[in-house]
Colleague: 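Dropping the structure in here first, questions after.
The structure displayed is predicted, hence computed values, not measured ones.
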Number of protein chains: 2
Amino acid sequence: MKSLLSNLKISVPDKIYLKDPESSKLGKRIIEHSILLIDKIGFDCFTFKKLGVEIGSNESSIYRYFESKHKLLLYLTSWYWAWIEYQMVFTTYNVHNPTKKLLKAIEVVTKTIEKDDTFSHINEILLNKIIINESSKSYLTKEVDIENKQGYFIVYKRLVKRLRDMILEINADYKFASSLASTIVDGALHQHFLKAHFTSITDCDANISPSDFFKELAVNAITITK
Amino acid sequence: MKSLLSNLKISVPDKIYLKDPESSKLGKRIIEHSILLIDKIGFDCFTFKKLGVEIGSNESSIYRYFESKHKLLLYLTSWYWAWIEYQMVFTTYNVHNPTKKLLKAIEVVTKTIEKDDTFSHINEILLNKIIINESSKSYLTKEVDIENKQGYFIVYKRLVKRLRDMILEINADYKFASSLASTIVDGALHQHFLKAHFTSITDCDANISPSDFFKELAVNAITITK
DNA sequence: TCAAAAGTAATAGTATTACTATCATATTTG
DNA sequence: CAAATATGATAGTAATACTATTACTTTTGA
């Protein structure tokens, strides 16, 4: 219970930012408009100078919140996964049947995001698109091991571990619980990408969702060897 | 048979390059050393200027082969997948049992790459590392739809479709053959990445390979609903 | 309430990147 | 051996990803 409650808050590892963007109006505008701008022009073309123009503020002011656009991406991904984790813990909390619980968790992790008005300055639909298109760039770098040691990816890893634990609750003997969990989380993003851009190599479309695929895949993987 | 033979050659869509790097000594040096340098410093820090220094040649000469480093990455990924496709077709060619055939194909796609001396200027072990760490950057761009229309990703998509067809040979009623195939190809790269950097969220290590995981996953997914 | 502290803006400057353009030289080929 | 082709050297450009400094503005707490 304690462990659950301590993670319900959308909190991002504090080493990621220089100054907490949640602590000021400008900080919130930075987050709000960085999501809009990254979605619009892509992370590769996104710069703090362009963001400054967008929010009518100065480049140098943005640098006081984030060292680099890479750190900003780390912030956005951590926020996103913490938000997903919150929903996962919340929706599975009073579900006692292990299989039902896992299916609910997979649903949360793999579904197409809908509007959420809890956090007014964050557009979760666009943020989800950014996660699909850009989040892997946050760890596919030469600095990944150093940054991993500094805890920049704990939220993501914690989410995968929660999923792994639910898998093991169903079948403690399943040998690939961690790999299955990480495959579901990463694979869902990939299927959403394929659905939008490479339709010929996915079955996901208006009728079939990534959730359908991964739910069946997971249940078959875990229960067949039971 | 014709269809098989026509794809056995390691051929890369010719719109990717300005001048075929296989057509000259300098071209081969560009490929050879771009693999070494990208592996060493990462694609983000890689520039044609640095590559020029490395091969004792001029930046402007490299630009005569590739428009940009992005195109070079597209070349390397296409070459890699064509090489994998070649092995997949070759090793499954005389296997008539559909399940055995699929398992051999998954082995080829997911295994850790070993030395291959057929193509002297290409270090396949390092190229595989580049594919794991950098290949998604070739399609996670704002230009993906235009470039897809121009055929820059056909080799990758053709490989996934071959795998899909083998899945359907086992069970023609399986609803998620394309998604399973694309999940295996992308997921294997991801598991290799996790094995190297985020060990706590994968089961893959010195004893368990991504191949073990994906073989069992695929067979269970396909056969249980048969 | 007023001074100190903290936050924000404006400007300038730097090294590097991702190229393009031009011209010269070297090599190949018909 | 001349013409064509390939490569090299140099220069130049706009943009990127920052850092540094100074000035102004707002908040706060004694």
Side-chain angles (χ1 to χ4, degrees), chain A residues 14-34 37-38 40-76 121 134 137-138 140-143 146-147, chain B residues 14-34 37-38 40-76 121 134 137-138 140-143 146-147:
Chain A
D14 63 0
K15 290 278 167 64
I16 288 176
Y17 48 76
L18 295 170
K19 185 183 169 174
D20 186 358
E22 289 295 322
S23 71
S24 75
K25 221 181 157 184
L26 178 63
K28 282 176 189 158
R29 281 175 65 73
I30 289 171
I31 299 306
E32 179 182 1
H33 287 87
S34 67
L37 191 56
I38 292 172
K40 194 173 159 193
I41 64 174
F43 185 70
D44 299 341
C45 290
F46 170 87
T47 69
F48 282 177
K49 191 160 201 171
K50 290 174 186 169
L51 178 60
V53 172
E54 210 73 12
I55 61 179
S57 184
N58 201 275
E59 196 191 358
S60 59
S61 303
I62 302 166
Y63 275 105
R64 285 211 193 77
Y65 287 83
F66 295 102
E67 260 176 38
S68 60
K69 68 171 186 171
H70 175 246
K71 288 285 176 77
L72 173 58
L73 182 60
L74 285 171
Y75 181 91
L76 294 177
H121 60 299
E134 319 287 1
K137 295 170 189 168
S138 72
L140 295 176
T141 68
K142 276 284 162 186
E143 297 76 34
I146 305 155
E147 295 192 342
Chain B
D14 63 0
K15 290 279 167 60
I16 288 176
Y17 48 75
L18 296 170
K19 185 182 171 177
D20 186 359
E22 288 295 320
S23 71
S24 74
K25 220 181 157 182
L26 178 63
K28 283 177 191 158
R29 280 176 65 73
I30 289 171
I31 299 306
E32 179 182 0
H33 285 87
S34 67
L37 190 56
I38 292 172
K40 194 173 158 192
I41 64 175
F43 185 69
D44 298 341
C45 290
F46 171 87
T47 70
F48 281 178
K49 190 159 201 172
K50 289 173 187 169
L51 178 60
V53 171
E54 210 73 11
I55 61 180
S57 184
N58 201 275
E59 196 189 356
S60 58
S61 303
I62 302 167
Y63 274 106
R64 286 206 192 80
Y65 286 83
F66 295 101
E67 260 176 38
S68 60
K69 69 172 185 170
H70 175 245
K71 288 286 177 76
L72 172 59
L73 182 60
L74 284 171
Y75 181 91
L76 294 177
H121 59 301
E134 320 285 1
K137 294 171 190 169
S138 72
L140 295 177
T141 69
K142 277 282 160 186
E143 298 76 33
I146 306 156
E147 296 192 341

Colleague: Once each nucleotide of nucleotides 25-30 of chain C is scored for protein heavy atoms under 4.0 Å, what B/S/- sequence comes out, 5' to 3'?
Modeller: ------
Colleague: Glu59(A) has an atom CD; how far is it from atom C1' of dA12(C), in whole Å?
Modeller: 12 Å
Colleague: Decide yes or no for Leu72(A) and Phe46(A): does some side-chain heavy atom of the first lie under 4.5 Å from some side-chain heavy atom of the second?
Modeller: yes
Colleague: Of all heavy-atom pairs between Ile62(A) and Phe48(A), which one has the smallest distance, and what is that distance?
Modeller: CD1-O, 3.4 Å
Colleague: Under the rule for side-chain contact (heavy atoms from CB on, under 4.5 Å), what residues qualify as partners of Ser60(B), not counting sequence neighbours?
Modeller: Asn58(B)
Colleague: With sugar-phosphate meaning primed atoms plus P, OP1 and OP2, does Ser60(A) contact a base, only sugar-phosphate, or nothing at under 4.0 Å between heavy atoms?
Modeller: base
Colleague: Tell me the interatomic distance from Asn58(B), atom CG, to dA21(C), atom C1', rounded to whole angstroms.
Modeller: 13 Å
Colleague: Name each donor-acceptor pair under 3.5 Å that joins a side chain in residues 18-28 of chain A to protein atoms two or more places apart or in another chain, with its distance.
Modeller:
| from | atom 1 | to | atom 2 | distance (Å) |
| --- | --- | --- | --- | --- |
| Lys19(A) | NZ | Tyr65(A) | OH | 3.4 |
| Asp20(A) | OD1 | Glu22(A) | N | 2.9 |
| Glu22(A) | OE2 | His121(A) | NE2 | 2.8 |
| Ser23(A) | OG | Asp20(A) | O | 2.6 |
| Ser24(A) | OG | Gly27(A) | N | 2.9 |
| Ser24(A) | OG | Tyr65(A) | OH | 2.5 |

Colleague: Whole-Å distance between dA18(C) P and Phe46(B) CZ?
Modeller: 10 Å
Colleague: Run the salt bridge (charged side-chain N to carboxylate O under 4.0 Å, His left out) test against Glu134(B) and tell me which residues pass, sequence neighbours left out.
Modeller: Lys137(B)
Colleague: Just jot down the side-chain hydrogen bond (donor to acceptor under 3.5 Å, both in side chains) partners of Glu32(B), sequence neighbours excluded, or say none.
Modeller: none
Colleague: Just jot down the ring-ring contact (aromatic ring centres under 6.0 Å, His included) partners of Phe43(B), sequence neighbours excluded, or say none.
Modeller: none
Colleague: Applying side-chain hydrogen bond (donor to acceptor under 3.5 Å, both in side chains), name anything that partners Glu67(A), two or more places apart in sequence or on another chain.
Modeller: Lys71(A)
Colleague: At a heavy-atom distance below 4.0 Å, which nucleotide of DNA chain D is the first touched by chain B, and which is the last?
Modeller: dA6(D) to dT10(D)
Colleague: Within the 4.0 Å heavy-atom criterion, would you say Lys69(A) contacts the bases, only the backbone, or no part of the nucleic acid?
Modeller: sugar-phosphate
Colleague: So if I take residues 16-28 of chain B and measure heavy-atom distances to DNA chain D, which residues fall below 4.0 Å?
Modeller: Lys19(B), Ser24(B), Leu26(B)
Colleague: Output the residues of residues 61-68 of chain A in contact with DNA chain C, where contact means a heavy atom of the residue under 4.0 Å from an atom of the strand; sort by number or write none.
Modeller: Ser61(A), Arg64(A), Tyr65(A)
Colleague: I'd like to know whether NZ of Lys40(B) has more than 12 heavy-atom contacts from other residues, nucleotides or ligands below 6.0 angstrom.
Modeller: no
Colleague: With a cut-off of 6.0 Å (strictly less than), are more than 12 heavy atoms of other residues, nucleotides or ligands near NZ of Lys50(A)?
Modeller: yes
Colleague: Testing the basics here: between Ile16(B) and Phe66(B), what is the closest heavy-atom pair and its distance to 0.1 Å?
Modeller: O-CD2, 4.1 Å
Colleague: Do the side chains of Thr141(B) and His70(B) get nearer than 4.5 Å, heavy atoms only?
Modeller: yes
Colleague: Going by side-chain contact (heavy atoms from CB on, under 4.5 Å), name the residues that satisfy it together with Lys49(A), two or more places apart in sequence or in a different chain.
Modeller: Thr47(A), Glu59(A)
